[in-house]
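Structure first, commentary second.
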Amino acid sequence: MFKRSALFGTSAIALLGATAGAHAQAVDDRQDSMMEVEEIVVTGSRLATTNVSSPVPVVQIGAGQIDSRGVVRVEEVLNVLPSSFGDQTSTAGNGATGTSSVNLRGLGAVRTLPLIDGKRMPFGSDATAAPNLDMVPTQLIERVDVVTGGASAIYGSDAVAGVVNFVLKDDFEGIEVDGQVGFHHAGNNNSFMEAVTGADGYPQPDSTMDGRDVFVTMTMGANSADGRGNITAHVAYQNQNAILQGDRDISACGIAGSSSDLGISCVGSSNYRRFNTDEGAMFLEEDGTLVPLVGGPEQTYNYAPLNHFQRPNERFNIYTRGHYDLSDNVTAFMDLSFMNNNTKAQLAPSASFNRAFQINCDNPLLQNGAGPDGAGTSFYDALGCAAIIDAYENGERDDMDRQFFNSHRNVEGQPRETEYDNTSWRVVTGLRGSVLDNFDWEVFGQFSRVKSQDIMRNDLNFNRVQQALFAVEGENGQIVCDPERNPDKGCVPWNIFGRTADGDSMVTQAATDFIQGVGMSIGETNQRVVGGTIGGDFGRYGLASPFAEDGVSMLVGLEYRKDELSRTPDDISQVVGGMGLTGGGGGTLPVEGNVEVVEMFMEAQIPLVQDAFLIRELSLNGAYRRSQYETNGDDPISGDPTSNSFGTNTFFVGGNYAPVDDIRFRVQFQRAIRAPNVINLFTTQNTNLVDLAAGANTLFDPCASGVDDDGNPIAPAATREQCARTGVTDELYGNIEDNPAGQYNVVTSGNAQLKPEVSDTFTVGTVWTPSYLPGFSLAIDYFNITIDDAISEIPAQTTLDSCIATGDERFCGLIQRDSLGTLWLDNSNFEGIRTPLDNIAQLKTTGVDFSMKYGFDLESIGLGNSGSLNFDYNATWLRSNSFTPIEGTPEVECQGFYRGGCGVPNPEYRHLFLATWNTPWAVDVTATWRYFGDTELNAGTANPIDAVLESRNYLDMVVRWQATEYAEFRLGANNLLGKDAPISTSAGNAPGNGNTFPASYDIDRYIFFGINLSY
């Protein structure tokens, strides 16, 4: 299932004893391997060596484990590792980027550096810097090396949380065809959720099979006739069907805490048939009667059923690689790859979302709302139109318009759909060889291009909705769009005011077609890398410790890299505040810029003592990298051209000590960095929403005032002087309206003056391979990672509270109130609280990793010729995972918690345990036990559903049968017992989705069947 290569003697066993699934036979061959010499490169070092083990713990996943899980997306294999946290996967819905990423140690996907054969991958898209793992050819993987902790001295920026290196097959010869079909099965027998949906009158989905996934690959390779070269070609195609939230009982409705006996209830969106009027918020009932909005299932919209739980996906990969020995000492190589991935994220239909529309009071449609008997209140009356028309007729007004906040759900149209089309090209070429029989060198050039096209369909065009609200009576008595204020041909009045006798909407298909809009954004990232290394063993020149047989190995290198990014949205997508596409919120703004870096690096491995009394081996490792950065782009705030330059130094030191063959100790310290990328530096200003906390006076804005339920006045929580610090004038103090929803405008942006994050990683561990228990190894490693100057947004709540309390201009300068003094009514000129990126946060994580392997023949325990058993166990005991949002604010501990600033669940303990029976009948059976510990909500709640996400145990099974020399069949199931995912009202958007965290928990049972044909 897993593969490891032998190093020199027990050094190899010590190093790779910490890797997942190390082959037990290597331990049995300990004595023989001591005389063998085989050079390899282990991720975490660029040196090929035979004599020194890396002090860096490395987890290796072989191609067999990928087949055993039956998954075709690499991130789904990585996410089950105890050191990995769920990020962007195909289960992301609202908040999806259309890419796939890996997040080691829960420090953020941008702090994990993925590599292919030791070389950097480009940005995932124009909107996300984390590389897209869809580029990796799954069936061409030989193994995956996972190094957790800083590795910037070896690989450069971004290797803060760790490195994931996809090592691909080389020298492939023959033809291999692999095909697999999988599907999801959900029993939908969760009695608790059945009670919740039943209590609110929502349907319970039946048992279902869906989410069909087809994956077909072909790999062909041949050696040259003279035996000096090889060329390999790989083609892959994947087609995955969608899963809707309405097809799972845990996500059949949106949930929220309630006072019911169940503790939660189905709570839909009030953005349904809602109208804000002079008489308060109103709801239009089925019979066409306007009534006060009180909420509940009858007056809200269940948005969940149409949302994607798993996005549909179609992916096409081509990967070709070749090498040829130009001479005995020089080899030319080239890799070419292409990937196209198309996926769609579907959400419930859009709405007008209470945007600041206008409506003419002589609109004849406003006579609706009184109901079938005419006894109710019409829209005309509720909006106070009689007084407006009187004022107009008396010459006191220039028009008969008034502001009209409404939120009609576009149920007459189609669900919103965002299509993400991501295409990448990558070429790597160069020369490598040896010189002086002792030094290896390589020079290479690399170019990558990623093109992204995002298309948003079926949203509402604000301008066209506005045109369709200006309705008048036409010449023939029919109701038409006001010709004087509707320049677009084809305008049809949007009749959201009336209902038919049968209770149906009176919005026509023609009106729906007119108001629905399309937004598009195209982007491109380019990456150019040129580099070279030379290194080898200096022992032959006398550079060696007098107490060691082997000499010092060293390597030096140079590298140049340039990352370029551009994004061009269409005009309607750029309009902020939902004034372009009503569901667009902050809009999508253009970005352009580049970052260049020139780097010099070196690495050394120094054997100090070998084969002495109580010192089987003692060695040191070290590396250093100097990087010089130049950035160029448009300032996110002013739009003026800007540039910056800065330099960084990264290094690591480590050591190995093996007193005897059976045990080894290792320790390392790494200084790593993450330089700000183009997205961090140059993303322009945008508007979004944030939930502020209520004060002691029950209001969210400390400078707002209001009245309580009994009509008594509520004074501002802050003094006149304190509020003046936030921009409140004397005239406005005491007259500022609070937002009852607690949602306020924030203005996000990049920061062209960002500096690099700096991290320190310390690990210490031991590896035990007892000679009296062949086939057994145990590794225990403690890790401690601290990131200072982490690039993060200044939290809006922190800004407002700090300005009120201290008057510090660093915070007060980020607050801009609108003309009415609020931070929420108007955002047309970026009113609100600015939350630009800055080097303000500190991240910390500590814990202990465990790895245990044991393999033996069953014959050794008296079971005859029954094959062998292999056990592989990997676990992480998380001791701390915390962050400090900004200096001077309290540290937030996330170990054992989720949300409330902690994002995805951070369990204290996780493990992955595999047991494989290799039978003598050409059949292998593997069972995998995955354990994910419980977590608590990192916020106060009386809701037991939210309070704790209970632990989960998952059982996966796969059977592989080598039917003939050329054909292998596999049949398996992940989450064989069909365990449901825990649910929470706080799951939120990506990576949360469907009331849970599908990147962390299984949502159903996945069954797959595959066949591999090779010749």
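None of the values given here were measured: they were computed from a predicted structure. Computation of the quantities below employed the complete heavy-atom set of this structure, encompassing side-chain atoms and omitting hydrogens, waters and symmetry-equivalent molecules.
Using modelled atom types and a 3.5 Å distance limit, the side chains of Asp454 and Ser521 yield no donor-acceptor pair. No hydrogens or angles considered: nothing links the side chains of Asn132 and Thr99 as a donor-acceptor pair under 3.5 Å. No hydrogens or angles considered: a donor-acceptor pair under 3.5 Å links the side chains of Thr423 and Asn340. Residues Ser125 and Asn422 have side chains that never bring a donor and an acceptor to within less than 3.5 angstrom of each other. A donor-acceptor contact closer than 3.5 angstrom links the side chains of Asp513 and Gln509. In the model, Asn341 has a side-chain atom that pairs as donor or acceptor with a side-chain atom of Asn313 under 3.5 Å. A donor and an acceptor atom, one from each side chain of Ser101 and Gln88, are nowhere located under 3.5 Å apart. Inspection of the Asn461 and Gln516 side chains reveals no N or O donor paired with an N or O acceptor under 3.5 Å. A side-chain donor-acceptor contact under 3.5 Å links Asn190 and Asp980. Inspection of the Ser984 and Tyr898 side chains reveals an N or O donor paired with an N or O acceptor under 3.5 Å.
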_Using the rule given for side chain to side chain contact (heavy atoms under 4.5 Å, CB included), can you reason through Asn276 versus Asn406, listing the C-alpha separation, both sets of side-chain angles and the distance that settles it, and then say yes or no?_
CA-CA 6 Å; Asn276 287 9; Asn406 67 84; over 6 Å; no

*asked:* Run the side-chain hydrogen bond (donor to acceptor under 3.5 Å, both in side chains) test on Asp946 and Thr985 for me, step by step, so that the C-alpha distance in whole Å, both residues' side-chain angles and the decisive distance to 0.1 Å come before the verdict.
replied: CA-CA 6 Å; Asp946 279 7; Thr985 67; 2.2 Å; yes

_Run Phe1009 and Val181 through side chain to side chain contact (heavy atoms under 4.5 Å, CB included) and show every step you take._
CA-CA 6 Å; Phe1009 172 77; Val181 176; 5.7 Å; no

_Chi angles and distances behind the side chain to side chain contact (heavy atoms under 4.5 Å, CB included) call for Asn526, Asp563_ = CA-CA 6 Å; Asn526 293 312; Asp563 288 316; over 6 Å; no

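Rounding to the nearest 0.5 angstrom, the gap separating the OG atom in Ser1000 from the CG atom in Leu949 is 9.5 Å.
For the side-chain hydrogen bond (donor to acceptor under 3.5 Å, both in side chains) with Arg311, the qualifying choice from Asn241, Thr89, Asn993, Thr343 is Thr343, the only one to do so. For the side chain to side chain contact (heavy atoms under 4.5 Å, CB included) with Val102, the lone residue among Val77, Val74, Thr112 that qualifies is Thr112. If you run side-chain hydrogen bond (donor to acceptor under 3.5 Å, both in side chains) between Asn342 and each of Glu314, Arg315, Glu419, only Glu419 comes through. Under the side chain to side chain contact (heavy atoms under 4.5 Å, CB included) test applied with Asn103, the options Val110, Val904, Asp87 reduce to a single match, Asp87.
Note on Asp134 versus Arg73: salt bridge recorded, some NZ/NE/NH1/NH2 to OD/OE distance being below 4.0 Å. In this structure, Glu524 pairs ionically with Arg449, as a charged nitrogen and a carboxylate oxygen lie closer than 4.0 Å. Taking the charged nitrogens against the carboxylate oxygens, Glu286 and Arg499 do have a contact shorter than 4.0 Å, which makes a salt bridge. Ion pairing between a basic and an acidic side chain is recognised when a charged N comes within 4.0 Å of a carboxylate O; Glu417 and Lys344 show no such pairing. In summary, Arg248 and Asp210 engage in a salt bridge, as defined by a charged side-chain N under 4.0 Å from a carboxylate O.
Proximity of Ser251 to Thr996: side-chain heavy atoms (C-beta onward) are nowhere separated by under 4.5 Å. For the pair Gln310/Pro998, no side-chain contact is recorded, criterion being any heavy-atom separation below 4.5 Å from C-beta on. In this structure, Ile255 and Val267 have side chains that are not in contact, with every pair of non-hydrogen atoms separated by 4.5 Å or more. Between Phe215 and Gln240, every side-chain heavy-atom pair lies at or beyond the 4.5 Å cut-off. At least one side-chain heavy atom of Phe123 sits less than 4.5 Å from a side-chain heavy atom of Leu565. Residues Met209 and His184 fail the side-chain proximity criterion, which asks for heavy atoms closer than 4.5 Å. Counting heavy atoms from C-beta outward, Arg567 and Thr588 have side chains that approach closer than 4.5 Å. Using a 4.5 Å heavy-atom threshold, the side chains of Phe316 and Phe338 count as touching.
A donor-acceptor pair is defined here as one N or O able to donate and one able to accept, closer than 3.5 Å; no such pair exists between the side chain of Thr128 and the backbone of Gly124. Using a distance-only test at 3.5 Å, with no hydrogens or angles considered, no donor-acceptor pair links the side chain of Tyr237 to the main chain of Val214. Under the 3.5 Å distance criterion, the side-chain polar atoms of Asp504 are left unmatched by any main-chain donor or acceptor of Thr500. In this structure a side-chain-to-backbone donor-acceptor pair under 3.5 Å is present from Arg273 to Leu284. Thr683 places a side-chain N or O within 3.5 Å of a backbone atom of Ile679 that can act as its donor or acceptor partner.
Shown here for Ala973 and Phe1008, the closest heavy-atom pair between the two residues is N-CE2, 3.8 Å.
With sequence neighbours excluded, the residues that form a ring pair (Phe, Tyr, Trp, His ring centres under 6.0 Å) with Phe357 are Phe462. Listed by chain and residue number, Phe932 satisfy the ring pair (Phe, Tyr, Trp, His ring centres under 6.0 Å) test with Tyr1001 (two or more places apart in sequence, or in another chain). Here Phe85 pairs with nothing under the ring pair (Phe, Tyr, Trp, His ring centres under 6.0 Å) rule; sequence neighbours left out.
A cation-pi arrangement is absent between Arg409 and Tyr272 under the rule of less than 6.0 angstrom and at most 45 degrees off the ring axis. A cation-pi geometry, defined here as NZ or CZ lying under 6.0 Å from the six-membered ring centre and within 45° of its normal, does not hold between Arg212 and Phe183.
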